[in-house]
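Here the structure is laid out as structure tokens; the discussion comes afterwards.
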Amino acid sequence: MSESAKAFLSGGFGGVCLVAVGHPLDTIKVKMQTSNEYSSMADCFRKIVAKDGPRGLFAGMAAPLAGITPIFAVYFWGFDLGKQIARVVEGKGPEEQISTAGIMFAGGFSAIPGSAVMVPGDRIKVILQTQGEKKLYNGPIDCAKKIYAEEGIRGLYKGTALTLLRDGPGSVAYYGAYELMKVNMPNAVPGGASGALSTIFCGGMAGVFNWIVAVPPDVLKSRFQTAPTGTYPGGIRQVATELIAKEGVASLYKGLAPALARAFPANAACFLGVETSKKVLNMYM
Ligand SMILES: CC(=O)O[C@H](CC(=O)[O-])C[N+](C)(C)C
């Protein structure tokens, strides 16, 4: 089996591990980003559980679970493709380590195919996570059908530019941090293999670096994607200027705490899933 196919399959498995661990914290993050009724993560957690029970924390999880496998498969495949491009540009062989700039390039590159598959599922997820009492949508399929009926394919791709703005720089930080930390760990082995503990630490930190960079565009994206059609004719600039004017610059970092709280465990699980499944694939294929 080719390295690209292995990157695709192990990325998909990593994505499943990430959702299983990270979705409840993602729900808290999106609720805090789109409403002012919560004073802290703990307050948000309490209010969700009081209102909807523990199930409330898992609202909208079917869409990312079904969607995250192909999304992470494509991201990790895109990263591998980016590394292959960098390797050719740098004139390196398949076993040779590419430069830091090459890794950063590959990370940013992965956001192009990654965002293309991520946006529709991500829009459905934030809408389901933030729908109030009225429950306009009966799950992800109903939500997708209604968006498509009302807004067409453009509706499903609403927020694409903001997703690229979030995941381009975010993926540079994500893959860059993981790869660079991994080769500098005390137990690092040439070629990249390392123990489970380093994978957990480097994977968790990759998630943290990703979100430090990604939260401001993510706040704008959540606002934009959940606003009624026609609210922001001026696009990204209008979302940003209105948010800053009404709620201050600090509001761009709304949801940072839950994003970081989710980032470490979810991405530690993701990279552990990726590395473990890659080892299994290497053993048998
Ligand atoms: C926004 C997002 O999906 O970030 C991923 C990490 C996470 O915590 O979900 C990283 N990446 C964009 C590289 C897939």
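Each ligand, and each atom within it, is numbered from 1 in the order the structure gives. Computation of the quantities below employed the complete heavy-atom set of this structure, encompassing side-chain atoms and omitting hydrogens, waters and symmetry-equivalent molecules.
Protein neighbours of ligand 1 below 4.0 Å, counting non-hydrogen atoms: Leu18, Phe72, Tyr75, Met118, Arg166, Asp167, Ser171, Tyr174, Tyr175, Asn210, Trp211, Arg262, Asn267.
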CA sep, side-chain torsions, deciding dist, call: Phe201, Met181, side chain to side chain contact (heavy atoms under 4.5 Å, CB included): CA-CA 9 Å; Phe201 177 74; Met181 289 174 82; 3.4 Å; yes
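Taking the six-membered ring where the residue is Trp, the centroids of Phe79 and Tyr178 are separated by 6.0 Å or more.
Heavy-atom minimum distance, Ile28 versus Ile48: CG1-CD1, 4.1 Å.
Under the rule for a salt bridge (Lys or Arg N to Asp or Glu O under 4.0 Å), the partners of Glu247 that lie at least two apart in sequence or sit in another chain are Arg223, Lys254.
Residues Trp211 and Arg262 form a side-chain contact, since some pair of their non-hydrogen atoms from C-beta on lies under 4.5 Å apart.
Remark: Lys31 fails to qualify as a cation-pi partner of Tyr38 under the 6.0 Å distance and 45° angle criteria applied to the six-membered ring.
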